[in-house]
Colleague: 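Before we start, here is the structure in question, set down as structure tokens.
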2 protein chains.
Amino acid sequence: MYDVGREAGVSHQTVSRVINDSPNVAEETQRRVREAMERLDYRPSASARSLAARRTRVIGVVTFVGAFFGPMSTIQAMEAASRARGYTPYTVSLADLELDHARALLDDLLQRDVEGLVVVAPTDEQAGLVDSVLPGDLPVLALEARLPGRPLVASDNELGGALAAEHLVSLGHTRIGHVAGPADWAEARLRTVGLERVLAERGLEVVAKVDGDWSARAGHEAWPVLRDAGVTAVYAANDQMALGLLSAMCEDRLRVPEDVSVVGYDNTPESEWYYPSLTTVEQDFRGVGEVGIQQLVRLVEDRAVERELLVSPHLVIRRSTAAVPPTVVPEEIS
Amino acid sequence: MYDVGREAGVSHQTVSRVINDSPNVAEETQRRVREAMERLDYRPSASARSLAARRTRVIGVVTFVGAFFGPMSTIQAMEAASRARGYTPYTVSLADLELDHARALLDDLLQRDVEGLVVVAPTDEQAGLVDSVLPGDLPVLALEARLPGRPLVASDNELGGALAAEHLVSLGHTRIGHVAGPADWAEARLRTVGLERVLAERGLEVVAKVDGDWSARAGHEAWPVLRDAGVTAVYAANDQMALGLLSAMCEDRLRVPEDVSVVGYDNTPESEWYYPSLTTVEQDFRGVGEVGIQQLVRLVEDRAVERELLVSPHLVIRRSTAAVPPTVVPEEIS
DNA sequence: CTTTCAGGTACCTAGTAAACA
DNA sequence: CTGTTTACTAGGTACCTGAAA
């Protein structure tokens with residue numbers, strides 16, 4: 001900085017003012033300083049700045065989720081949104097980590113003096129860990145899954161489940177099977193709750209339910225159970241599991257949607273090109289991320305924040321769902 | 001730090017020694033200091049440390065790729081590998097950014113004094129940008145795509161293409177179609193080169209080639225062109241495009257693999273559950289990331305580095321490929 | 001006279017405040 | 001209103017010094 005000052009014929013103080021866009025610097029001086037910076041290829045040191053200014057302008061993003069399309073889209077959207085607001089995002093992926101290791105990484109985050117944190121901790125165990133490690137006075141926003149005492153931004157999974165259910169019911173299905181997500185995922189439970197509520201309102205209930213692990217394999221393995229229960233429609237808690245179902249049905253020489261309907265969840269880019277094209281609940285992954293950062297920044301800057309903000313998903317109807325096959329009489333099956 | 005020193009009855013210097021695991025600190029003193037740190041809930045400030053020590057122990061990971069499974073797996077593997085070697089990874093995603101914006105983010109990276117950089121810049125334009133912005137003396141490792149003058153770690157895409165080709169040729173196919181990746185992606189070009197080399201060795205050539213954009217839609221739209229060229233097998237440069245092909249073939253009432261064979265590339269988790277289960281070239285996404293970080297760390301630490309390191313992919317044979325249909329005589333079609 | 005352990009001081013690269021021109 | 005000078009702060013580390021074993 002001193003070098004830049006010398007080069008431009010001003011004091012280091014003035015250089016500092018230029019860097020921080022402070023007023024009271026003559027246009028001309030500003031130009032000279034910037035040119036000097038350019039000539040010397042000078043870049044202010046982030047470490048020194050945050051040390052002196054006592055703020056880092058860094059916000060952390062902590063996720064326990066693996067390399068899947070949805071969560072990753074959300075994270076990329078959060079990174080862009082942070083930058084747009086003048087914060088640098090520092091993302092830490094804690095997927096597949098023992099809790100002890102995860103604890104160390106959270107500590108690393110605190111040492112970097114993040115000003116706030118977005119946490120995506122889908123399972124109850126992960127949420128507990130985070131809650132126990134993070135100091136209560138650090139601004140933390142829970143994303144997708146609840147964290148005790150923290151504001152939440154999430155996709156409305158219960159609504160999503162309801163949307164899928166209403167669609168199937170409106171097509172006349174009464175024997176509906178469900179491939180749910182892992183029971184320790186809050187998101188998965190909510191998607192089930194929405195489904196069951198709508199069915200209950202119609203005096204129906206799920207004919208067969210299998211808990212999967214989100215993988216296509218899980219969907220594939222769930223099918224025999226649902227088939228034996230005589231379902232005419234299946235609601236899978238994500239598109240991958242729906243894909244596994246489609247594959248298993250195909251092997252059974254069943255036609256979708258003529259013989260059985262399938263609804264997925266997420267609207268991943270591929271789901272449109274499954275065969276048949278998948279009816280699914282689309283959630284706005286990027287939108288959740290953007291709203292999340294917006295709320296976190298408000299939290300960091302001490303402004304009012306919604307305690308809970310849900311982003312609505314919507315149903316995308318494609319070719320994998322149709323009316324109940326008229327020829328199939330439930331009695332034949334059960 | 002001073003507070004901790006006072007609490008433990010030692011100087012701040014000794015506290016620093018304990019933090020940095022330096023030798024020459026009595027067990028007893030060490031214990032006292034650690035306890036004091038615990039009691040005061042003390043955490044050293046990363047900014048101050050890197051300022052004083054003149055090193056950040058941060059390495060940057062720059063990627064231009066979106067939220068897809070392969071690249072994301074690589075990145076997550078790199079993060080874990082960096083941490084295992086004592087470096088903090090700082091990942092910057094430049095997907096969908098105008099070059100000017102990207103330039104600003106690269107600058108941010110330099111201000112943070114990263115000690116080295118892994119760059120995933122698949123298109124020529126991106127590589128050019130990176131090359132023009134990064135100082136020549138910064139350790140940079142090119143991942144997946146070449147960067148002038150920088151060591152490279154990549155999956156052997158040419159080999160992958162050759163593997164796919166050899167498989168199809170060995171099944172007797174001579175009328176092979178190709179859905180390639182975007183022409184400005186080096187990876188895509190190499191996958192094509194491998195294919196064409198093997199075919200040329202047999203006196204064959206690609207019957208029809210369409211450039212896609214990696215999306216399933218592109219595969220779907222490519223099919224009519226290949227079909228009209230009378231292909232009996234198609235090699236798609238990634239699994240998503242292969243999925244689009246499968247879907248289009250299904251709509252044409254064509255059976256895979258009886259009527260036409262399909263080979264994909266990547267072995268994404270879903271590809272096993274397409275219908276039929278996809279024959280595809282598996283690349284070791286995580287492996288590439290791990291080797292990449294290993295090489296970068298060597299570079300940063302001034303040790304010898306391979307100029308070029310290719311990780312071999314291998315073929316996963318599943319249900320989407322079979323021998324040429326004997327009934328189809330090329331003359332019938334063309 | 002080493003080795004082990006600890007303290008003292010300068011310095012890293014900024015930002016900030018006050019006094020002053 | 002613009003800009004300089006000086007002195008100090010932030011939270012550490014590097015290096016030298018010195019005492020005890």
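What you see is a predicted model, and the numbers here were worked out from it, not measured in a lab. Each chain gets a letter, A, B and so on, in the order the sequences are listed, and its residues count up from 1.
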Colleague: Side chain of A/M1 only, please: which of C/dA6, D/dT13, C/dG15 is the nearest?
Modeller: C/dG15

Colleague: Does this structure show an ion pair linking A/R57 with B/D108, if we count only N-O contacts that are shorter than 4.0 Å?
Modeller: no

Colleague: Output the rounded distance in Å from CZ (A/R55) to P (C/dT13).
Modeller: 23 Å

Colleague: Rounded to whole Å, please give me the gap between CD in B/Q111 and C1' in C/dA14.
Modeller: 12 Å

Colleague: Does B/S47 place a side-chain N or O at less than 4.0 Å from the phosphate oxygens OP1/OP2 of D/dA10?
Modeller: no

Colleague: What is the distance from CG of B/D3 to C1' of D/dA10, rounded to the nearest Å?
Modeller: 13 Å

Colleague: Mapping B/V25 and B/L51 to their closest nucleotides on DNA chain C, which lands nearer the 5' end?
Modeller: B/V25

Colleague: Does C/dA14 have OP1 or OP2 sitting under 4.0 Å from an N or O in the side chain of A/R49?
Modeller: no

Colleague: Any side-chain donor-acceptor pair under 3.5 Å between A/E79 and A/S82?
Modeller: no

Colleague: Rounded to the nearest Å, what distance is computed from the CZ atom of residue A/R57 to the P atom of nucleotide C/dG15?
Modeller: 13 Å

Colleague: Looking only at heavy atoms, what is the nearest atom pair of B/R286 and B/S73, with distance?
Modeller: NH1-O, 4.0 Å

Colleague: Is any side-chain N or O of A/N24 closer than 4.0 Å to OP1 or OP2 of D/dC1?
Modeller: no

Colleague: Drop me the distance from A/R49's CZ to B/L51's CG, to the nearest 0.5 angstrom.
Modeller: 13.5 Å

Colleague: Is any side-chain nitrogen or oxygen of A/Y2 closer than 4.0 Å to OP1 or OP2 of D/dT4?
Modeller: no

Colleague: CZ of A/R54 versus P of C/dT16: gap in Å, rounded?
Modeller: 8 Å

Colleague: Return the value, rounded to whole Å, for the distance between atom CG of A/D21 and atom C1' of C/dG15.
Modeller: 15 Å

Colleague: Figure out the CZ/C1' separation between B/R6 and D/dG11, and round it to whole Å.
Modeller: 14 Å

Colleague: Taking the basic N atoms (NZ, or NE/NH1/NH2) and the acidic carboxylate oxygens, is any pair closer than 4.0 Å for A/R32 and A/E35?
Modeller: no

Colleague: Check DNA chain C against residues 7-20 of chain B and give the residues with a non-hydrogen atom under 4.0 Å, in numerical order.
Modeller: B/V10, B/S11, B/H12, B/Q13, B/T14, B/R17

Colleague: Is a side-chain N or O of B/S22 found less than 3.5 angstrom from the main chain of B/V18, in a donor-acceptor match?
Modeller: no

Colleague: Given atom CD of B/E28 and atom C1' of C/dC5, what is their separation to the nearest angstrom?
Modeller: 13 Å

Colleague: Okay, side chain of A/S47, backbone of B/S50: is any donor-acceptor separation there less than 3.5 Å?
Modeller: no

